[in-house]
Structures are given as C-alpha cells and as structure tokens.
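Inspection log for the structure reproduced underneath, given as structure tokens.
This chain uses plain numbering: 1 for the first residue, then up along the sequence. Only a predicted model underlies this, so the values are computations on that prediction, with no experimental measurement involved.
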Amino acid sequence: MSRVREREGSTVSDATATPLPGPERGAENGTRARVARIILEQGPITASELGERLGLTPAAIRRHLDNLTAEGMVEARDARPRGRRGRGRPARVFAITEAGRDAFVHAYDDLAANALRFLAQTAGPEAVSDFARSQVAELERRYKPKLDAVPPEQRIRLLAEALSNDGYAAAAGRAPAPGGGDQLCQHHCPVAHVAAEFPQLCEAEIEAFERLLGTPVRRLATIAHGDGVCTTHVTPRGGGAGGGHGTPASKAVRHRAGGRVQHKDV
C-alpha cells in the first residue's frame with residue numbers, strides 16, 4: 001500500500017488514500033492543530049506564510065487547510081487590499097471561524113455562565129461587576145510591576161506579551177485611525193461566550209488596561225460581540241481628548257466605515 005506522507009523539509013508521495021496508522025495520524029492531527037493555532041493567534045494569514053512558519057511544503061499546507069476548511073474550523077477570504085489594488089485575483093487568506101474558536105474555548109463556559117446568572121439574580125448586576133473586577137485584579141497585580149519598570153511608550157508592547165502568555169494571543173502596533181495612538185489586538189478570548197452575556201467582564205478588563213497603561217483606552221471591537229478580534233485603541237499620552245475618560249469604559253465604542261469595524265490585525 002502507498003500513501004502521502006509529509007515531513008518538515010521532505011515529501012514522499014504515492015497515489016492511494018490509505019488512512020495513516022496510529023503514530024503518523026497523531027503527528028498529522030498535531031500539525032493540523034498547530035496550523036489552526038497559528039491562524040487563531042496571527043489572524044488572517046496566507047497559505048505560503050503558514051508554510052514558512054511550519055517548514056512544510058505547499059502540498060502539505062494545502063491538505064491541512066482543506067481538512068480544516070471541510071471541518072468548519074477555518075475559512076478562506078479575500079485579503080483586504082492595502083493601498084492601491086493591483087491587477088489579478090486578490091490574495092487569499094485563511095481565518096478562524098466561530099467553530100474553530102470554540103475548539104479553543106474553556107470547557108467550563110456553561111458552568112461559568114450559570115454561576116454568573118445565579119449571582120445576578122440573587123445579588124444584582126453590580127455583584128457581577130464586582131466579580132469581574134476581582135478576576136481582573138489578579139491579572140493586574142501580576143502585570144503592574146513589569147509595566148511600571150519600563151518607559152510608558154513600551155508598556156503596550158509588554159502588556160501584549162503578558163496577555164499572550166496568558167492565552168489571549170495579543171499583539172500591539174500603531175493605530176490606523178487619524179490622531180495616532182496605539183492599538184492592542186487580542187485574537188483569542190477565553191471567556192468570549194460568557195462575555196457575550198455579561199459585558200461586565202470586558203468592562204473590567206478595559207478599566208484595568210487604562211490603569212496599567214496610564215492613559216485612556218477605548219474598545220473598538222470585541223470577539224464577544226461577533227468581531228474577529230478584540231481591538232482596543234490606546235490614546236497617545238497627553239492626548240486625553242476622545243480617549244476612554246471621554247467615553248465610559250463600560251461602552252464598547254465601534255467605529256465604522258462602510259459598515260465595517262475599523263481595526264487592523266497587529
């Protein structure tokens with residue numbers, strides 16, 4: 001019997017579709033999970049970029065992407081043009097789907113949501129807010145010494161690194177909006193499904209970001225409300241106008257142009 005087997009840096013190809021035996025099937029599934037994880041963490045990405053990241057052949061990447069697409073884990077999209085659009089077909093990128101994101105969601109979402117519903121019913125909505133702040137307080141306690149040890153302009157980068165270490169797949173970069181500032185993107189939210197019902201979780205997080213960065217911040221988009229990325233605009237230091245203190249952190253401000261939330265993946 002013959003089959004197709006890919007190794008990093010080499011390919012052995014035959015014609016049949018005999019299922020892979022146990023150990024190789026495990027490696028196959030492990031690579032596929034790595035592909036999905038990179039798409040989750042990096043946002044929309046091309047097949048060639050994925051191949052470079054993993055050291056796999058174009059044929060291997062195509063097979064993994066075809067399988068993930070068939071399973072509903074990822075979807076192909078036309079890349080958003082940057083600057084003037086050239087001739088020819090637009091580049092294709094692969095993005096995580098809601099089902100794919102679900103695969104990374106914590107198994108106790110239902111239990112957490114039920115507990116918060118009970119808390120809201122017995123003690124009121126403000127008790128949920130108090131709980132959310134208490135949860136974020138531990139994160140803030142761990143991050144604060146690291147951020148306080150660097151100049152203010154470096155804090156957003158360290159905050160992104162700290163969030164990534166905690167599973168939020170975060171990145172920081174310059175904001176595309178007029179007026180400058182920075183942008184923090186979180187490509188994964190472990191509590192997205194719960195936060196969709198209890199926005200107090202997002203509100204407490206934004207309040208903590210403001211304190212950690214020492215400047216107003218503004219939430220532009222959230223995974224909990226159907227956006228692909230949690231996007232937060234960080235106001236330039238000294239540029240408080242239009243920042244989080246002008247707009248309450250309890251409101252998710254969504255800037256739209258042509259019906260789409262304005263953010264860029266960083």
**Report entry** T46 backbone acceptor or donor facing E49 side chain under 3.5 Å
**Finding:** yes
Query raised in the report: Does the distance from a Lys or Arg side-chain N to an Asp or Glu carboxylate O, for R133 and E140, drop under 4.0 Å?
Result: no
Report task. Rounded to the nearest 0.5 Å, what's the gap from CG on L56 to CZ on R34? Could you check? Result -> 7.0 Å
Requested in this report: State whether the side chain of T235 and the backbone N or O of P216 hold a donor-acceptor pair below 3.5 Å, judged by distance alone.
Outcome: yes
Query raised in the report: Quick check: does any side chain N or O of Y143 sit under 3.5 Å from a backbone N or O of L212, one acting as donor and the other as acceptor?
Result: no
Query - Distance-minimising heavy-atom pair for Q200 and P125 - result: NE2-O, 3.7 Å
Requested in this report: Look at the side-chain heavy atoms of Ile, Leu, Val, Met, Phe, Trp and Tyr, link any pair under 4.5 Å apart, and say whether I39 and I223 land in one connected group.
Outcome: no
**Report entry** Side-chain donor/acceptor of T231 to backbone N/O of C185, under 3.5 Å
**Finding:** no
Query - Short side-chain to backbone donor-acceptor contact, H187 and G228, under 3.5 Å - result: no
Query raised in the report: Out of M73, E71, R37, which one pairs with R32 under the side chain to side chain contact (heavy atoms under 4.5 Å, CB included) rule?
Result: E71
Query raised in the report: Between the main-chain N or O of G72 and the side-chain N or O of T97, is there a donor-acceptor pair closer than 3.5 Å?
Result: yes
Query - Nearest heavy atoms of L158 and K146, plus distance in Å - result: CD1-O, 3.7 Å
Query - Check ion pair R157-E161 (N to O, under 4.0 angstrom) - result: yes
Query - Over all atoms of both residues, closest heavy-atom pair of A170 and A160 - result: CB-O, 3.6 Å
